[in-house]
Amino acid sequence: MATLVNVDGDIVPPAQARVSVFDRGFLYGDSVYEVIRTYRGQPFELDAHLARLAHSAERIGLAPPWDAPRTAREIGRTLAAARAAGGDPAPAPDAAPWNVGEWYVRVVMTRGAGEIGLDPALAVNPAAVVIVQPLPAPPASAYVEGVKAVVVGVRHAPAAVVDPSAKTGAHLNHVLAVREARARGAHEALLLDERGFVTEGSSSNVFVVAGGRVRTPPLAAGILEGVTRGVVLRLARAEGIPMDEVPLRPPELEAADEVFITSTMREIVPVTRLGERAVGAGRPGPVTARLHRAFRRLAGGPPSAMLG
Ligand code: PDD
């Protein structure tokens with residue numbers, strides 16, 4: 001399993017992958033991207049990711065250099081080349097079994113290089129990059145014990161300022177949120193909006209369980225429409241678990257029986273500590289575990305490692 005990079009259709013090792021220092025993705029975060037992962041070597045929910053990539057590009061007026069079928073083909077070509085390159089690293093001793101041998105896929109489309117200046121018309125050749133690498137997924141212990149999250153001081157950008165439905169390379173706010181979370185020994189940063197409502201994690205969506213009902217902020221809270229969030233909403237419906245999309249405040253996180261986060265890389269990870277306090281019993285809870293088992297069945301791998 002080798003890390004390989006596809007730059008505008010040329011597949012090269014990482015050290016040979018080059019984009020210009022005049023690229024607007026580098027200079028301004030003027031780019032869109034998606035993170036996709038494989039199960040049994042196949043990209044999961046690929047159509048949803050490609051649709052969101054097209055939406056993101058449309059929202060910032062970037063003409064995608066590849067359409068969705070071409071992007072899917074380039075992802076497939078890059079994965080095949082990386083698989084063929086061999087040299088499989090030994091799996092991490094604490095890897096969750098369903099993540100071994102799987103791939104992380106990042107697709108980036110930037111407005112391209114041009115004369116320095118904010119005017120997007122200065123760049124006329126958008127660039128496309130696909131990075132594939134062995135999946136850096138959470139260790140099995142994250143599912144068995146849960147992780148710590150903190151509500152950080154960094155606030156989520158208001159939807160009227162930064163469109164949360166577009167997944168762009170302008171990420172400084174969330175970088176600073178993660179910086180704060182790490183300084184407090186936490187796995188994930190949870191961001192509030194300017195009025196104090198819970199929005200989302202730095203790279204995840206957040207859910208609480210209270211009295212057997214699952215709650216998650218609605219899209220109107222100014223959040224990314226996570227692909228995994230969508231899968232979890234569908235699974236909850238199929239499992240008959242009541243699910244509400246409602247605004248949440250920090251006290252509802254603190255009083256919850258269970259909290260969990262979702263993202264492509266993490267699936268469903270229980271949050272068992274919020275700052276210095278335990279969530280519920282301080283262990284992954286039964287509703288989180290049930291949803292994760294359903295997710296694992298859907299993704300077609302071995303069962304959830306979560307207890308409960
Ligand atoms: N991040 N919210 C934000 C701000 C995110 O960046 C992400 C994903 C999510 C979860 O979305 P999904 O379920 O589609 O992965 C929510 C990706 C994984 C990343 O930037 O690495």
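All values below come from the heavy atoms of this structure, side chains included, with hydrogens, waters and symmetry mates left out. Numbering of residues begins at 1 and proceeds along the displayed sequence. Every number for a ligand or one of its atoms is a count from 1 in the order of the listing. None of these values were measured; they are calculated from a predicted model.
Between F260 and F207, the ring planes are parallel. Angles under 30° get that label, and only those over 60° would be called perpendicular.
For atom 15 (O) of ligand 1, the closest non-hydrogen atom on the protein side is T264 OG1, 2.6 Å. Residue, atom and distance of the protein heavy atom nearest to atom 20 (O) of ligand 1 are Y33 OH, 2.8 Å. Of the protein's non-hydrogen atoms, the one nearest atom 10 (C) of ligand 1 is N205 OD1, 3.8 Å. Nearest protein neighbour of atom 1 (N) of ligand 1, counting heavy atoms only, is K167 NZ, 3.0 Å.
The N/O atoms of M265, backbone and side chain alike, include none that comes under 3.5 Å of an N/O atom in ligand 1.
The side chain to side chain contact (heavy atoms under 4.5 Å, CB included) test with I116 is passed by exactly one of L122, V21, L27: L27.
When the options R266, E200, H156 are ranked by their closest heavy atom to atom 2 (N) of ligand 1, first place goes to E200. Of the candidates V35, T199, I223, T228, it is V35 that places a heavy atom closest to atom 21 (O) of ligand 1.
Residues passing the side chain to side chain contact (heavy atoms under 4.5 Å, CB included) test with A82, sequence neighbours excluded: L4, W103, V132.
Residue P164 does not touch ligand 1, judged by heavy-atom distances below 4.0 Å.
Judged as a salt bridge (Lys or Arg N to Asp or Glu O under 4.0 Å), the pairs with a partner in residues 144-162 (not counting sequence neighbours) are, in order, K148-E276.
The closest donor-acceptor contact from the side chain of N205 to the backbone of L224 lies under 3.5 Å.
A distance below 6.0 Å separates the ring centres of Y33 and H171.
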